[in-house]
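Heavy atoms only: backbone and side chains are in, while hydrogens, waters and symmetry mates are out.
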Amino acid sequence: MQALIQRVTHASVSVGNETIGAIGPGLLVLLCAERGDTDAVADRLLAKLLKLRIFSDEAGKMNRSVQDVAGGLLIVSQFTLAADCSGGNRPSFTGAAAPDEGRRLYEHFVAQARSAHPVVQTGRFAADMQVALVNDGPVTIPMRLSANAV
């Protein structure tokens, strides 16, 4: 499972002309379930994300987590993170989990996030979404965990 995490001052996701999720300061999490991922992988990724110290303390050092600063989470599914561009000019997405399994793992991740963190907003799985954000820093961090890392 992989995530692209961006520290934001605010972020939102829309489907059509309707905003379906929005946060103020916090983390935009673009999330991709890959073939072979399990609930345990999702749980470990979430635990690491919630404790990741990428917010500044009084000295300006990245020493606080999203939990420490009571920031929001905006979790958006993005299977294109599994893109393999090694074979030509058209990406292959065969590394992404099958749609039903991807949805199940995304929903599991979101449910676990909501039980562990007070401010969680989401996109809509498999929808054509427009994501708006102001990246703070900029801080963008890729995270990837596999079943072998659990």
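- The heavy-atom pair separating Leu49 from Phe109 by the smallest distance is CD1-CZ, 4.4 Å.
- Under the side-chain contact (heavy atoms from CB on, under 4.5 Å) rule, Ile5 has a single partner from Val66, Leu73, Leu52, which is Leu52.
- Looking at every heavy atom in both residues, Cys85 comes nearest to Pro91 through SG-CB, 4.0 Å.
- Going from atom CG of Asp84 over to atom OG1 of Thr94 covers 6.5 Å, rounded to the nearest 0.5 Å.
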Practice task
Quick one: do Val139 and Phe55 satisfy side chain to side chain contact (heavy atoms under 4.5 Å, CB included)? Show the steps, please.
Solution key: CA-CA 9 Å; Val139 175; Phe55 291 86; over 6 Å; no
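- Rounding to the nearest 0.5 Å gives a distance of 12.0 Å between CG of Leu46 and CG of Asp39.
- Closest of all the heavy-atom pairs between Ala116 and Leu50 is CB-CD1, 3.8 Å.
- Side-chain heavy atoms closer than 4.5 Å link hydrophobic residues (I, L, V, M, F, W, Y) into clusters, and following such links, even through other members, never connects Leu74 to Ile54.
- Ring planes of Phe93 and Phe79: perpendicular class, angle over 60° (limits at 30 and 60°).
- Rounding to the nearest 0.5 Å places CZ of Phe125 at 11.5 Å from CZ of Arg104.
- For residues 20-37, the salt bridge (charged side-chain N to carboxylate O under 4.0 Å, His left out) pairs, not counting sequence neighbours, are Glu34-Arg144.
- A salt bridge links Asp136 and Arg7; the closest N-O separation between the charged side-chain nitrogens and carboxylate oxygens is under 4.0 Å.
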Scan the side chains in residues 8-32 for donor-acceptor partners under 3.5 Å anywhere in the protein, sequence neighbours excluded, and list what turns up.
from, atom 1, to, atom 2, distance (Å)
Ser14, OG, Thr19, OG1, 3.4

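- The cluster map of Ile, Leu, Val, Met, Phe, Trp and Tyr, joined by side-chain heavy atoms under 4.5 Å apart, puts Leu105 and Leu81 in different clusters.
- Going from atom CE of Met129 over to atom CD of Gln78 covers 7.5 Å, rounded to the nearest 0.5 Å.
- Atom-to-atom distance recorded for Glu58:CD and Arg64:CZ is 4.0 Å, nearest 0.5 angstrom.
- Annotation: side-chain hydrogen bond (donor to acceptor under 3.5 Å, both in side chains) contacts involving residues 107-133, sequence neighbours excluded, comprise Asp43-His108.
- Placement of Ile75 and Val69 within a single hydrophobic cluster is found when ILVMFWY residues are connected by side-chain heavy-atom separations under 4.5 Å, directly or transitively.
- Between atom OG of residue Ser65 and atom NZ of residue Lys48 there is a gap of 12.5 Å, rounded to the nearest 0.5 Å.
- Residues Leu4 and Leu45 do not share a hydrophobic cluster, clusters being chains of Ile/Leu/Val/Met/Phe/Trp/Tyr side chains in contact below 4.5 Å.
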Handout entry: Full working for side chain to side chain contact (heavy atoms under 4.5 Å, CB included) between Gln6 and Thr140
Key = CA-CA 4 Å; Gln6 295 180 300; Thr140 302; 3.5 Å; yes
